[in-house]
Every structure is written in C-alpha cells, then in structure tokens.
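Residue numbers start at 1 and run along the sequence shown.
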Amino acid sequence: PRAGCTLHLPTLTCTCTCRIPSGLKKRKRDLTQVNEEMPDDLVELLFWIPTVVDLVLLAFTYASCRRGGPQWYFEQMDAHPQQAEEAAGTSKKNDDANNGVGSATSGGPRVDQLWQLAMAAYSAYACLFPWAVYQCTVAPELRVSFCAAMTVLMLLKLDNVSTMGASALKESKNLSLLIFNLPTYGGYVLAKMLMK
C-alpha cells in the first residue's frame, strides 16, 4: 500500500486517506463482496456448462434414435471403422459374424427386443433429465443433489465403458467422462461442500 493507505487483511478492506483529485475520488471498497460473488459465479458454471451440453446432446441423440432406430445406431457405430481399428490396434475381421448382431441394416428379433429395452430407459432419461434441470433452475438448492446424482451416473457410465472392447468410441467416451463430466459435476458438489 502507498503512504496514507491502510490495508486491513482480516476483513479485506482497504481505506485510503491520501489526496486524490476530485475527478478520481473513490470511496472505501469492500473486497469481500468481490471475493464472495466471483467464486460463486464460477462454481455455478460447473453446473450450467455440462447441463446445457447434456441437454443439447440428449435432444439430438434421442431424436435420432427414435427416428432412425437400431439401423441408425449401428450405422453411426460403423461410420469410421478404420479409425476404430487404428485406435484399437487390431484389424476388423468378419465383424458381423463375430458380434452376432447382423449387419447395420438388418436386426433380428433379439436386436429389436434389446433396442426396445434400451429405448425405454433412454425415454425415461429424456423425460426426467429436462424436468430435473427445470427444477434446479427454479430451486437452486437442488443443484448439489442433482450434480451428485449426475456424478454417480457418470461413474456408472465410466464402469460400463470400461467393459467395452478397445475402440475409438471407448477412448472418446472415457476422455469426455474423465476430462469434462466428472470434473464439472463432481467439482460442483465439492465446491459447494467446501463453501459451506
């Protein structure tokens, strides 16, 4: 601090008694207001960024799955098989015979049954996730429990992804879960617990 200025560290208050030209006069500034507001806004980004991204992804993928069915899904999985082979370090040999699923254009009764089961679960998620986001918007105190539930969901997804064979899809899902979803949702919960 300059001569005539006093900095009070316990309260983070700065008082200045030196002469300042009248056009530049400033009053006593309480730095605690800035320090209290800034981290809270940054912490709220940990809630909003992944939530909005997940809403956009949900809108696109759910609509595509409903419209395209298992054929669309398998086409997306097979869109870049050469990249998946390179990431896995293996070659793709007669994949249709090995996976028992059939080609991307023909599903069997088992594929259709499994697809219906998956879509029932995905439909529930497609209804409940936007409703939960709405509830978190009107009642911000619910955000911590929402993010805790999403953190558990991301950990379960990470466990499910780990059972997949080596592929480019597995690598990208692992990266997005580890680098984006877990730090944001889990970070929000930790930050809110530490701020109490």
**Prompt:** Does the side chain to side chain donor-acceptor pair (under 3.5 Å) test come out yes or no for Tyr125 and Asp54, once each step is laid out?
**Reply:** CA-CA 11 Å; Tyr125 178 74; Asp54 284 346; 4.7 Å; no
**Request:** Apply the test side chain to side chain contact (heavy atoms under 4.5 Å, CB included) to residues Arg67 and Trp72: give CA-CA distance (whole Å), side-chain angles for both, the deciding distance (0.1 Å), then the verdict.
**Result:** CA-CA 8 Å; Arg67 195 175 45 242; Trp72 173 84; over 6 Å; no
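Nearest heavy atoms, Cys136 versus Arg143: O-NE, 3.0 Å. A pairwise comparison of heavy atoms in Val111 and Phe74 identifies CG1-CE1, 3.8 Å as the closest pair. Pairing each heavy atom of Pro183 with each of Leu177, the nearest pair is CD-O, 3.9 Å.
Side-chain contact check for Phe146 versus Thr51: some heavy-atom pair is nearer than 4.5 Å. Considering only heavy atoms from C-beta on, Leu58 comes within 4.5 Å of Tyr122 through its side chain. The closest side-chain heavy-atom distance from Ser64 to Phe60 is below 4.5 Å. The shortest side-chain heavy-atom distance between Leu182 and Leu158 falls under the 4.5 Å cut-off. Residues Arg66 and Ser123 are in side-chain contact: their nearest non-hydrogen atoms beyond the backbone lie under 4.5 Å apart. Inter-residue side-chain proximity for Phe129 and Tyr134 is flagged as unmet; no heavy-atom pair is nearer than 4.5 Å.
Residues Leu128 and Val53 do not share a hydrophobic cluster, defined by chaining ILVMFWY side chains whose heavy atoms lie under 4.5 Å apart. Under a hydrophobic-cluster definition in which Ile, Leu, Val, Met, Phe, Trp and Tyr are linked whenever side-chain heavy atoms come within less than 4.5 Å, directly or via other members, Val152 and Tyr185 are assigned to different clusters. Leu153 and Leu190 are members of different hydrophobic clusters when ILVMFWY side chains are connected at heavy-atom separations under 4.5 Å. Leu55 and Leu46 fall within the same hydrophobic cluster, defined by Ile, Leu, Val, Met, Phe, Trp and Tyr side-chain heavy atoms under 4.5 Å apart, directly or through other members.
A salt bridge does not link Lys192 with Glu141: every distance from a Lys NZ or Arg NE/NH1/NH2 to an Asp or Glu carboxylate oxygen is 4.0 Å or more.
With sequence neighbours excluded, the residues forming a side chain to side chain contact (heavy atoms under 4.5 Å, CB included) with Thr137 are Trp48, Val133, listed by chain and number. Remark: Ile49 engages Leu45, Phe180 in a side chain to side chain contact (heavy atoms under 4.5 Å, CB included) (not counting sequence neighbours).
Interatomic distance, CG of Asn181 versus SG of Cys147, reported as 11.0 Å (0.5 Å rounding). Put simply, CG on Asn160 and CG on Leu155 are 11.0 Å apart, with the number rounded to the nearest 0.5 Å. To the nearest 0.5 Å, the span separating CE on Met150 from OG1 on Thr184 amounts to 9.0 Å. A distance of 8.5 Å separates CE in Met154 from OG in Ser176, rounded to the nearest 0.5 Å.
Ring planes of Phe47 and Tyr188: tilted class, angle from 30 to 60°. By the 30° and 60° cut-offs, the orientation of the rings of Trp115 relative to Tyr73 is tilted.
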